[in-house]
Structures are given as C-alpha cells and as structure tokens.
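Shown next, in structure tokens, is the structure this report addresses.
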Amino acid sequence: MSRRYITTAIPYVNSKPHLGFAMELVQADVIARHWRQRGHQVRFLTGTDDNSLKNALAAEAEGIPTRELVDRNAQTFHDLRGPLMLSFDDFIRTSADPRHQVGVDRLWKATEESGDLYRKHYEGLYCIGCEQFYAEDELRDGLCPEHHTRPQLVSEENWFFKLSRYEDQLRDLIESGRLRVEPASRRNEVLGFIRTGLQDFSISRSVERARGWGIPVPGDDDQVIYVWWDALGNYITALDYGTDGPHYRDWWVNSEDRTHVIGKGIVRFHAVYWPAMLLSAGVSLPSTIFVHDYLTVDGKKLGKSLGNAIDPTAIIDEYGADALRWWLLRDVPRVGDADFTTDRLIGRYHEDLANGLGNLINRTVSMIHKYRDGRVPDVVEPWRANKLTAAIDQAPGAIDSALERFDFRQATAALWQIVDEANRYVVEVEPWTLAKAEKAGDEVAGRRLSDTLGLLLQTCRVAANELTPFLPDAAARAIAQVSPLAERLPQPEPLFPRIET
RNA sequence: GGGGCGGUAGCUCAGCUGGUUAGAGCAGGGGACUCAUAAUCCCUGGGUCGCGGGUUCGAGCCCCGCCCGCCCUACCA
C-alpha cells in the first residue's frame, strides 16, 4: 500500500468549463479510482486558476468585480463533480484559499534564497489569452497564433527566474526518466526545447497591468506574481506546503507517485518551468507528467476563446454521464486529437454499454430468474469455459498495464474482452437447451445449467467491479443487479436504456 | 528553414525488436438462435498499408526523396 498523488491542471475561470477539460478531469479520475481500487492511498486534486489577468478583463467586460466573476465561474468548475462523477479529494482556488498564498510566498522565498530571482527591465509582446510573451516572429500577421488577437507591447521592470541555470539538470532528469513525460513524443518535444537553450523568464507583473489582481510579490508591493508561477505552485500549496503541513510530507515528499495530467498546450510550463522552480526551491519533483491531446467537435477546434465551447453538462443532461464518460475513455485515442460527435457518443454507448455489458447482465439475471427462481446457483465445475475464464484472469493485469501508460482506450478494450467472451459463452452453452433437457429429467444438464449460470453471474460481477474506475455509477448499479437480496437477485432491469433519437 | 507525430478496409483505429495468405470494432451483405434492451452468436472485407525509389532472402514496420494534416522549434534575405 503506497501513497499516490494525482492532479489536473487548474483552468482559468474566465468562462465556463468545456468538453476538453471534462476529459482531463475524467482521465485523472479514472487513474485515481483505479489506484484506490488496487489498494493504494490516493489523493486527487483539481481546482481553478483565479489569478489570471484574463479573469480580471472578463470581469471588466461584464462590468462586475473580478472577485464576483471568479467566484461564480469557479463554482461551475467545481459543480462538474456531480455530473461527471468525479472523486477529487480536494479542490483548490488560487485566489480564495489562504493556504495557496502562504505556499506561494514560501516557494518564492525559497527560490529567492537560492539566488535565482533578479530584477530586470523587460519589453515584449504579451498575449493575455495565453498569459505569455511572444517573440515578434512567433506571431502570425502580428497576431497571437493561438488566439488571433493582437498582443500588447509591455515595457516594465519585472522579476526574473534563472531558468537557464537548470538546463542540464532538467535534461538529465527527463532523459533518465526520473521525470517521466508521457507519451514519448511529448518527452522528445520537451527535450528538444531544452536542448535549444533555456532562457530566464519573467515571473512578475506590475500591479497596474495586472489590474491589481493577483498575489503580491513578497517584499515588493508594486508587483504581483506571474500567474503561471503561482498557478503551478498549486500542486504543493494545496498540500499545505506553505506551513509544511502533514499533507505535504505525506502526499508530496514521501509519496510513491506524483502525477500531473495536463493538455498539450501547457507542456512547457509543466515539464520545464515547474520542475526548475522545484529544483530551485529544494522541493522534490513530480514523477510523471501525462499529456493528452485536444478534442474537436464536429471537426472544429474547441476553445473558450474561439467561441464554440461545448458544455459537458449539456451533454450529460441529454445523454447521461455514463455515455459521456464512456465516450471520452473508450473512443479517444492516446495520441492525436479526437473528434466528438453525438453520433459517435451514441454509437459507443449502444454498442458497448447497452448491447454489450447491459445486455449480458440483463440476460444472465433473466435466466437465473427463469430457470432458478432468482437464486444464485453454485458453480461446481465450470463447463466449456476455458476462454471465458482466461479472459477473466487476464483482464485485470491488462487494465493495469494499459493505465500505467495512460491508455484508456486499451484499458477499456481489455475489460471488454470479458464482456465479449461472456456473450459468446451464452450462445456456446445454450442454457435454454440445458433447461429443456433438465425439465425432461436430465440431471447432468441441470447440473451444467447451474454451473453455467453461476459462472455467468460471477463474470458479471468481475466485469462490474473492473468497470468501477471508468463508470463508477453504472458499475454500482450493475453490482446491485447481480447481488442477491434475501437470497434472490433483483428483477432484471436494463442498466443502459437505449437512447431514443 | 530544422525537428516530431500522423497519413493502414466506407468510418474509427490496432499492428511488438522487419518474416507464413495485413488485423479489430462499427457500417454493409448472408445465416443461426431465442435467455436478453429489435439484443446475441456465426460467416462475409481481397484494402496500390499517402506517392516514388532503395536496403534485404523477405518491409506497413529500416533508409532516401516527395505530397497532405497536426504540433514543436528557429536572429533567411
């Protein structure tokens, strides 16, 4: 039994969450639940990044105080918990949690004491959407390549962090795998970036430019801390790093695994800046950074700033959380962007959930009612079940190794080996034929009927159990369906009703 | 400009260190069965594995060039 810590990125709260962030939350949730199921102690953190200038500007645009906008929108992120069936243990808000500010202060001072902070005049083109500076030639027609907006010319004196100092260490850490970046293509991308040479970066803004919003630089009232600097800190400030609390020691310093789940757009912050900050502060590093790609919807890019964001709760309201979680896990490849359409969502739901597992459980429970009055038969000797038992034996290990690689699609496929094999098994053994023979006085057939029905029920239990990290709610319903009450199974009821269109 | 990742059956994707007739799921076609949510099970795919060369006894998997998509990166005039 070991302690493991997993986090998502914390999104800006300038608007409501979209489907892409729902995917990240679900992915992290599956890993967290899987770890718990395999007996580890787990802490799962998510939260919101409140201190962004874009939040302040969004509030200005709405004509409300920043605090009000941030509180309101942060709530919508937190509210995903129920609909998406998330199991996070903690939710941090960088503007509202005292532990965050205390932790950021400590982190700042620790890097200062290492001699890694200095003041410098800087002039550059800053994109508020990205919260980062761009070189002129990185722009497309003078516009930010991500947001297609004109960056503003900023000229002021800021604090800088000596990132350049950590170039060799970072390269060694990533090359050696002590800091694991998955998938490998992302790791190579990061190494490529490091090899071109690391430059110190600005880690503060003037209070005026920040609209007075953000965390003050310790000992410098004219500056607030660069939003990325404080945001990255959330992974440890949430653990009371600031007060050196027990959570920090348990879940960061002494944990076996510290995994960050992030999207491809913020790899550099997590695989370069963040580890360097930690090295400077004398704090241990994360062990793994898993990078997912993006979602498109109906073939189009998805983005809050691009105006076609899709609300995950709307999908859940219409098709259910099982359908959405399942699509995100079962249909999204590990590498490459995936396109979301409602047709694909419904297709996956029907094929796998309704026709596959749902039908398997339904037919199994129905037969036990029909032939055994709802009483669960003992399995004396499994009959013609080699393939089925092999599938049952192999699935958990296959799921483990797939999730070790963050390959959700392969993990769910491994689980479905059981379901598919069980549906074949039903046709193979023809319980209805055995039932007729039994009725005609064939005791051997009767014995075999009990064995096969008992085995099928056991199979359903295994499948339901392994399904828990992926679809916790459906798995619980499935387990209830195959668990006797007063010696009898509940009446069969479709677990996954078909979606009428 | 350099680098990376993709380009495999109508669709979505697997193909480990190169090796018998290139796979899965879905869709389509045919059949079986009846326990079940018009579900399930079986059979059915002859696809220039982006294009063109090369290495090899043998390449989807290696090398070279090119085309398309996405991404990272760069002080061309």
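In what follows, chains are A, B, ... by sequence order, proteins preceding strands, each numbered from 1.
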*Salt bridge between A:R171 and A:D168, side-chain N to carboxylate O under 4.0 Å?*
yes
_Sugar-phosphate only, base, or nothing, as touched by A:I368 at under 4.0 Å among non-hydrogen atoms_ = nothing
*Say you pick atom P in B:A38 and the same atom in B:A27; how far apart are they, in whole Å?*
15 Å
*Compare side-chain N and O positions of A:N355 against OP1 and OP2 of B:U40 and report whether any pair is under 4.0 Å apart.*
yes
*Grab the CD1-P distance between A:I346 and B:G25 for me, whole Å please.*
22 Å
*asked:* Other residues, nucleotides and ligands only: do more than 12 of their heavy atoms fall within 6.0 Å of CG on A:D373?
replied: yes
*For nucleotides B:G46 and B:G23, find the distance between their C1' atoms and express it as a whole number of Å.*
14 Å
*Output yes when A:K264 and A:D337 qualify as a salt bridge under the 4.0 Å nitrogen-oxygen rule, no when they do not.*
yes
*Check the distance between B:C16's P and A:R405's CZ and give it to me in whole angstrom.*
13 Å
*Using the C1' atoms only, state how far B:A14 lies from B:C26, rounded to an integer number of Å.*
15 Å
*Take the protein atom CG of A:L453 and the nucleotide atom P of B:A36, then report the distance between them rounded to whole Å.*
13 Å
*asked:* For the C1' atoms, the ones on B:C68 and on B:A74, what distance do you get once it is rounded to whole angstrom?
replied: 23 Å
_Heavy atoms of other groups near A:E493 CD, more than 12 under 6.0 Å_ = no
_Salt-bridge criterion met for A:E466 and A:R33 (N-O under 4.0 Å)_ = no
*Using the C1' atom on both, measure B:C11 against B:G28 and round to a whole Å.*
12 Å
_The side chain of A:F496 is closest to which nucleotide in this list: B:C35, B:U37, B:C71?_
B:U37
*Give the rounded distance in Å between these two atoms: CD of A:Q491 and C1' of B:A36.*
14 Å
*When the P atoms of B:C62 and B:A24 are considered, how many whole Å apart are they?*
23 Å
*If you look at every strand shown and take non-hydrogen atoms under 4.0 Å, does A:G347 touch a base, only sugar-phosphate, or nothing?*
nothing
*Atom CZ of A:R334 and atom C1' of B:C16: how far apart are they, to the nearest Å?*
14 Å
*For A:R498 and B:A39, what is the distance between atoms CZ and P respectively, to the nearest whole Å?*
4 Å
*Can you tell me the distance, in whole Å, between the CZ atom of A:R187 and the P atom of B:C71?*
23 Å
*asked:* Using heavy-atom distances to pick each residue's nearest nucleotide on RNA chain B, tell me which of A:R363 and A:R409 is more 5'.
replied: A:R409
*Quick one: is A:R424 getting a side-chain N or O under 4.0 Å of the B:C42 phosphate, OP1 or OP2?*
yes
_Taking any heavy-atom pair under 4.0 Å as a contact, classify A:N423: base, sugar-phosphate, or nothing._
sugar-phosphate
*Ion pair check, A:E421 and A:K387, cut-off under 4.0 Å*: no
*Using a strict 4.0 Å threshold on nitrogen-to-oxygen distance, state whether A:D29 and A:R325 make a salt bridge.*
yes
*asked:* So if I take every side-chain heavy atom of A:R186 and compare against B:C71, B:C13, B:A39, which nucleotide ends up nearest?
replied: B:C71
*Taking only N and O in the side chain of A:R348, is any of them less than 4.0 Å away from OP1 or OP2 of B:C26?*
no
*Rounded to whole angstroms, how far apart are CD on A:E351 and P on B:A24?*
15 Å
*For B:U55 versus B:C67, give the span between their C1' atoms, rounded off to a whole number of Å.*
23 Å
*5'-most contact on RNA chain B: A:V419 or A:D339, nearest heavy atom basis?*
A:D339
*asked:* Evaluate A:S280 against A:T111 for side-chain hydrogen bond (donor to acceptor under 3.5 Å, both in side chains), listing each step before the verdict.
replied: CA-CA 5 Å; A:S280 172; A:T111 57; 4.8 Å; no
*For the side chain of A:N359, starting at C-beta, report the closest nucleotide among B:C70, B:U37, B:C35.*
B:U37
*For RNA chain B, which ranges pair as stems of 3 or more consecutive Watson-Crick or G-U pairs, with both donor-acceptor distances under 3.5 Å?*
B:1-7 with B:67-73, B:10-13 with B:23-26, B:28-32 with B:40-44, B:50-54 with B:62-66
*Heavy atoms under 4.0 Å, any strand shown: does A:Y371 hit a base, just sugar-phosphate, or nothing?*
sugar-phosphate
*Mind checking A:R372 for me? I need base, sugar-phosphate or nothing, with any heavy atom below 4.0 Å counting as a touch.*
nothing
Compile the donor-acceptor pairs under 3.5 Å between side chains in residues 427-437 of chain A and protein atoms, sequence neighbours left out, one pair per line.
residue : atom : partner : partner atom : Å
A:E428  : OE2  : A:R384  : NH2          : 3.1
A:E430  : OE1  : A:T433  : OG1          : 2.7

*How far, in whole Å, is B:U44 from B:C49 if one measures between their P atoms?*
23 Å
